[in-house]
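These notes concern the structure reproduced below.
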2 protein chains.
Amino acid sequence: MADPSLIDFILNPIGRVASSLTSTAEAPRQGDEGAPDAYLILDSAVQAGLHGTAVGDEIIVLTWLHEADRSILTVHPRGDLSRPEQGVFSTRSASRPNPIGLHRVRVLDIVEGRLHVSGLEAIDGTPIIDLKPVLGRIAER
Amino acid sequence: MADPSLIDFILNPIGRVASSLTSTAEAPRQGDEGAPDAYLILDSAVQAGLHGTAVGDEIIVLTWLHEADRSILTVHPRGDLSRPEQGVFSTRSASRPNPIGLHRVRVLDIVEGRLHVSGLEAIDGTPIIDLKPVLGRIAER
């Protein structure tokens, strides 16, 4: 049994990414840098949460970058050793204390709890932790 | 001791929000809907991660909305009972399986691990779990 104070901070994945990318070595650094289309396979227990999400929507996918090194606080941006080290909070490096991935994608198709989405750089099997709409103008919310 | 498979999914807060907002009832729904400026107080253990973050930067703050109900999958958007229920993944409701808040703010000042930021709707004491830069054009990354 986990410490109750920690239980509050445990993420419960809502699904997994299915992708042709199988290693971070082959994955582009961002979705708009040539990443393939992929699938978001949501658990049946949370599929009611998809009501209102439609083909054509731009959405924000939050993932848990499960292969990241959480002890790292500074990196060479984009792994380029010619660039000076920066703090991870000013980069999109997967290495960081809480390795949450933030991906903006477009929904191409939805069949039950399976979303086909455009350009996603997360590798096959990456846990999905949340989906959010891209916010439009205040009057349209 | 927590189950090892769960330890991988435990968030370690990197700091806390300090804000004049003390309850979700008084908080605006989004930062651009009249939220006050606030402070991000980072733990000393992660301050090296701030190297490269500068006054004037637009950043994305990820928080853990600790008062949210994680069992909720459908809501009336913006709490408006006249609107039909939608799945939480098509809304920005705090209620959702993993209540992560996503906030785009501007850095107004940085003094050691204390960032003064513009319009943030998270309440006082909200755990901070990550900071990320807003991505510019590919050529500028």
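Chain letters run A, B, ... following the sequence lines, proteins first and then strands; every chain starts at 1.
- Judged by distance alone, the side chains of B:H103 and B:T63 do bring a donor and an acceptor atom under 3.5 Å apart.
- Here B:D32 is the residue among B:D57, B:V88, B:V75, B:D32 with the most heavy-atom pairs under 4.5 Å with chain A.
- B:R70 has its side chain within reach of B:N98: a pair of non-hydrogen atoms, C-beta onward, lies under 4.5 Å apart.
- In terms of heavy-atom proximity, A:F89 sits nearest to B:V46 at CE1-O, 3.6 Å.
- Of the atoms belonging to B:L62, it is side-chain heavy atoms, and not backbone ones, that fall under 4.5 Å from chain A.
- Using a 4.5 Å cut-off between heavy atoms, B:A45 contacts chain A through its backbone alone, with no side-chain atom that close.
- A:K132 places no side-chain N or O within donor-acceptor distance of the main-chain N or O of B:L102, the cut-off being under 3.5 Å.
- Each of B:G52, B:P133, B:S93 has some count of heavy-atom pairs under 4.5 Å with chain A, and the biggest count is that of B:P133.
- If you measure heavy-atom distances from A:P127 to chain B, the contacts under 4.5 Å come from the side chain alone.
- Looking at B:W64 and B:T126, their side chains never come closer than 4.5 Å, going by heavy atoms from C-beta outward.
- The contact between B:L135 and chain A is made by backbone and side chain atoms together, counting heavy-atom distances below 4.5 Å.
- Between B:G34 and B:P28, the shortest heavy-atom contact is C-CG, 3.9 Å.
- With a 4.5 Å cut-off on non-hydrogen atoms, B:R83 touches chain A through its side chain but not through its backbone.
- Contact annotation for A:T53: both backbone and side-chain heavy atoms come within less than 4.5 Å of a heavy atom of chain B.
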Audit row: A:V17, A:L40, side-chain contact (heavy atoms from CB on, under 4.5 Å) steps and yes/no | CA-CA 5 Å; A:V17 171; A:L40 310 178; 4.3 Å; yes
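- When each of B:H66, B:E33, B:Q86, B:Q47 is scored by its heavy-atom pairs under 4.5 Å with chain A, the top score falls to B:E33.
- With a threshold of 4.5 angstrom between heavy atoms, B:E85 approaches chain A through N, CA, C or O but not through any side-chain atom.
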